[in-house]
Amino acid sequence: MRHPIERRLLAGHLGLVYLFLYGPILVLIVLSFNKSGLPTAWTGFSLEWYGRMLRNQAILSSVGNTLIVASVSTLIATSIGTLLALGIDRLRPSALLEGIVFVPMIIPDIVLAIALLSFFTLLNVTLGLHSIILSHAVFNIAFVCAVVRTRLRHFDKSIIEASIDLGASEFRTFRRITLPVIFPGVLAGALLAFTLSVDEFIIAYFTSGAGSASTTFPMQIYAMIRFGVTPEINAVATFVLGFSFLLILLSQRLNRGVTP
Amino acid sequence: MTAGAKTLVEIAGATKRFGPVTAVDVLSLDIRENEFFALLGPSGCGKTTLLRMIAGFEQPDVGRILLDGRDITAVRPNRRPINMMFQSYALFPHLSVYDNIAYGLEMEGVRGAALKQRVDEALAMVRLEEFGRRRPHLLSGGQRQRVALARALIKRPRLLLLDEPLAALDKKLRGQMQLELKRLQHDTGITFLVVTHDQEEALAMADRIALLEAGKIAQLGSPRALYERPASRFVADFIGVMNFFEGRLAALAGGRAEIEVDGLGRLWAETEDLDGAAVGGPVTLAVRPERVRLSVAPAGAAGQNALSGTVVGVAYLGQDLIVHIGLPGQPAPLVARLGSGSHIADDLVEGAAVRCDWPPNDSRILLV
């Protein structure tokens, strides 16, 4: 047993660490409900800023763009990433191959952003939502692949042979056996990809091209913040926080759930 | 043996290499209709590769596989009337017991009441009527195995392959399942081909056994033939426990062989055929531990195959007593097995002088 004073000191230290981590976020959430426009004084609870957020056309259109980018890139990344995971799983283990697949995950976003921009320019691809979608798909493939591979590690490959032995074709085996068994992993990967795409800024900023037509939600916030942090932005941020939190939670649940 | 003479599966000169390793080496084998056949051998002997070739998961590099006289070498596994019970059981984790068993029939297009009736029959056959709605992970090991069996049997295959079917069960359950498998084979009339490394399992269940060594058949025959008339030292050593005496063939006449063993003198064996045995050449005499008779008698007593030795170890196994006897000039002790109720059991203590002997027709001469 530790001394009571020692325990109290440790508890205090833990509290400080958490305060450092979550204090700013807590302040942001609280201020988003502040009646006054100034961050200096609390003048009462209000949902006004949430109302304003919902009436702001620029924010709404950027949210629309982000949802398009996130959905389509998630769809692409999930299909390709899942197939990639299944393919790698059949090969002989190779550290080099693993490395190549996972590079987009660890490479700094800024490097990937510059590389993608140069690539699109080189091929004379016009920039817009489609180029953001492709760019997000690039790094999300790696994330989906990683999540699905975790699932595959607990996957008894003999059930595939059992299905074929019982008369199923390869395609039917994939649809009736392989996909349902790894589905929680696929869904978890998709949710992760979606979340990453929703709040991705640097790559989208580089590959969106000029004009507000392809402005995504994080880019819109960045544009707004140049005129100072308003409670409206706090409201937006709180909203995004809640949404991301929900998705991540769901993704973790799914990847844990269902016994293999 | 209830097996008819009709050949069901013919393996003709099958060879399979994996890189530098030859897993199956120009192997030919007939499996008869309605028999319980065991492929037995140590790990790496090629038995699993052979099984997977019959299932269609591996292609032989050379040779053919015929089923009912038809060449199925190039037929894909989902088109062969052969089903397999996997070592891991390979149950579909996301499907209920009922849906696992129904899967094969669904692939054939069986639907509705006909499907339900046959699945219910299969559940009853393996006594799992109550468990249809359960997921596999909620079943015990023995129950899972019965689901795997029902799933493989429901399509009424011409041949059922079983890959180490009892390896994952504890010892007591294994004994029950041996009988259960025999019963199912008898009731369904389906030919069973079981792969196992466990010689007791093969002896207990199979009508015929092929013992494999390095991709070739070391011996094929009934359990009794393999146990009592092993063709080689490998077979004699793999099946059960055997005592070996290395020596020279001193005389061969009238089905009776005399072997000169260094340090022990002459030993006798009765033999049916010893083609290729040259008098003066090296041979091995083999005798099973339960055939060795022990007595506590004055040393040096005369008689055929009578040896004097000293007890070097005794193991009490409940029903039986295993006695290790040191013999002059022999590198390994002679192993004898006798009932623990034997009247000399109390005299068999370490260091005691004993006399061992066995009739000549209980020993075998092995050339290889």
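Not measured: the values here are computed from a predicted model. Letters A, B, ... mirror the listed sequences (proteins, then strands); counts begin at 1.
- Around atom CZ of R174(B), more than 12 heavy atoms belonging to other residues, nucleotides or ligands sit under 6.0 Å away.
- In this structure, the portion of L91(B) lying under 4.5 Å from any heavy atom of chain A is its backbone and not its side chain.
- Atom CZ of F86(B) sits about 5.0 Å away from atom CD of E161(A), to the nearest 0.5 Å.
- Neither the backbone nor the side chain of R79(B) comes within less than 4.5 Å of any heavy atom of chain A.
- No donor-acceptor pair under 3.5 Å is formed between the side chain of N78(B) and the backbone N or O of I164(A).
- Proximity to chain B (any heavy atom under 4.5 Å) is shown, for D165(A), by both the backbone and the side chain.
- Using modelled atom types, no side-chain atom of H94(B) and backbone atom of T178(A) make a donor-acceptor pair closer than 3.5 Å.
- When all heavy atoms of R151(B) and A162(A) are compared, the pair lying nearest together is NH2-CB, 3.5 Å.
- The environment of E170(A) atom CD is sparse: at most 12 non-hydrogen atoms of other residues, nucleotides or ligands sit within 6.0 angstrom.
- Contact count versus chain A (heavy atoms, under 4.5 Å) is highest, among A148(B), P136(B), S88(B), for S88(B).
- Within 6.0 Å of CZ in R76(B) there are 12 or fewer heavy atoms belonging to other residues, nucleotides or ligands.
- Contact of the L166(A) side chain with the F92(B) side chain is registered, since non-hydrogen atoms from C-beta on lie closer than 4.5 Å.
- The 12-atom threshold is not exceeded at CZ of F239(A), counting heavy atoms of other residues, nucleotides or ligands nearer than 6.0 Å.
- Under a cut-off of 6.0 angstrom, the local environment of CZ in F119(A) is sparse, with at most 12 non-hydrogen atoms contributed by other residues, nucleotides or ligands.
- At a heavy-atom separation below 4.5 angstrom, chain A is approached by Y103(B), G104(B), E106(B), M107(B) within residues 96-107 of chain B.
- Counted within 6.0 Å of CZ on F183(A), heavy atoms from surrounding residues, nucleotides or ligands total 12 or fewer; the atom is thus considered open.
- Closest of all the heavy-atom pairs between V181(A) and P93(B) is CG2-CG, 3.9 Å.
- Atom NZ of K116(B) has 12 or fewer neighbouring heavy atoms from other residues, nucleotides or ligands inside a 6.0 Å radius.
- For F201(A), the CZ atom sits in a packed shell: over 12 heavy atoms of surrounding residues, nucleotides or ligands are nearer than 6.0 Å.
- Among N83(B), I82(B), L95(B), the residue making the largest number of heavy-atom pairs under 4.5 Å with chain A is N83(B).
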